[in-house]
**Q** 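Structure below; questions to follow.
Model, not experiment: these values are computed from the prediction.
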Amino acid sequence: MMTVFEQATVATGGAAVDPMGGVVGTLIYMVVIFALFYFIAIRPQRKEQKRIEAQIASMETGDVVLTTCGFYGVVMDITEDDVIVEFGSNKNCRIAMKKSAIAQVEKAE
């Protein structure tokens with residue numbers, strides 16, 4: 001009875017085959033796929049998140065904001081974690097919300 005290594009040697013015409021060659025090739029393939037995934041998906045997402053965080057950090061009273069649910073409003077007051085946003089032309093429609101609920105900031109002119 002022949003071992004797997006002996007069978008591989010016979011199948012290749014007597015030339016020795018490195019049984020670890022397939023593992024190394026697969027490992028390199030996986031590293032390349034992960035690197036592509038990182039540069040295509042993860043890195044741009046982190047860049048966008050940092051841009052949004054910078055916008056929120058520089059937000060001031062009077063700036064126009066777009067919330068994550070699609071409403072535009074004007075910032076009336078800012079605290080550490082919350083903002084009060086006025087929606088529409090109705091001066092009575094002021095809503096307190098978390099800063100994380102803001103998707104975009106447009107500076108007042």
**Q** Side chains of Thr67 and Tyr72: closer than 4.5 Å at any heavy-atom pair?
**A** no

**Q** Taking distance alone, no hydrogens or angles, what donor-acceptor pairs closer than 3.5 Å link side-chain atoms of residues 92-103 to residues at least two apart or in another chain?
**A**
| unit_1 | atom_1 | unit_2 | atom_2 | d |
| --- | --- | --- | --- | --- |
| Arg94 | NE | Glu86 | OE1 | 3.0 |
| Arg94 | NH2 | Glu86 | OE1 | 3.1 |
| Lys99 | NZ | Thr79 | O | 3.3 |
| Lys99 | NZ | Glu80 | O | 3.3 |

**Q** Mind listing the side-chain donor-acceptor pairs of residues 53-62 below 3.5 Å, one per line with the distance, residues two or more places apart or on another chain?
**A**
| unit_1 | atom_1 | unit_2 | atom_2 | d |
| --- | --- | --- | --- | --- |
| Gln55 | OE1 | Val105 | N | 3.4 |
| Ser58 | OG | Ala54 | O | 3.2 |
| Ser58 | OG | Gln55 | O | 3.1 |

**Q** Do any side-chain atoms of residues 28-49 form donor-acceptor pairs under 3.5 angstrom with protein atoms, and if so which ones, sequence neighbours left out?
**A**
| unit_1 | atom_1 | unit_2 | atom_2 | d |
| --- | --- | --- | --- | --- |
| Glu48 | OE1 | Arg51 | NE | 3.3 |
| Glu48 | OE2 | Arg51 | NH2 | 2.4 |

**Q** Would you say Ile78 ends up clustered with Val85 if hydrophobic residues are merged whenever their side chains have heavy atoms under 4.5 Å apart, either directly or through other cluster members?
**A** yes

**Q** Which residue pairs pass the salt bridge (charged side-chain N to carboxylate O under 4.0 Å, His left out) test when at least one of the two sits in residues 63-73, sequence neighbours left out?
**A** Asp63-Lys107

**Q** Roughly how far apart are Gln104 CD and Ile52 CD1, rounded to 0.5 Å?
**A** 8.5 Å

**Q** Test of understanding: clusters of I, L, V, M, F, W, Y form through side-chain heavy atoms closer than 4.5 Å, transitively. Do Phe87 and Val65 belong to the same one?
**A** yes

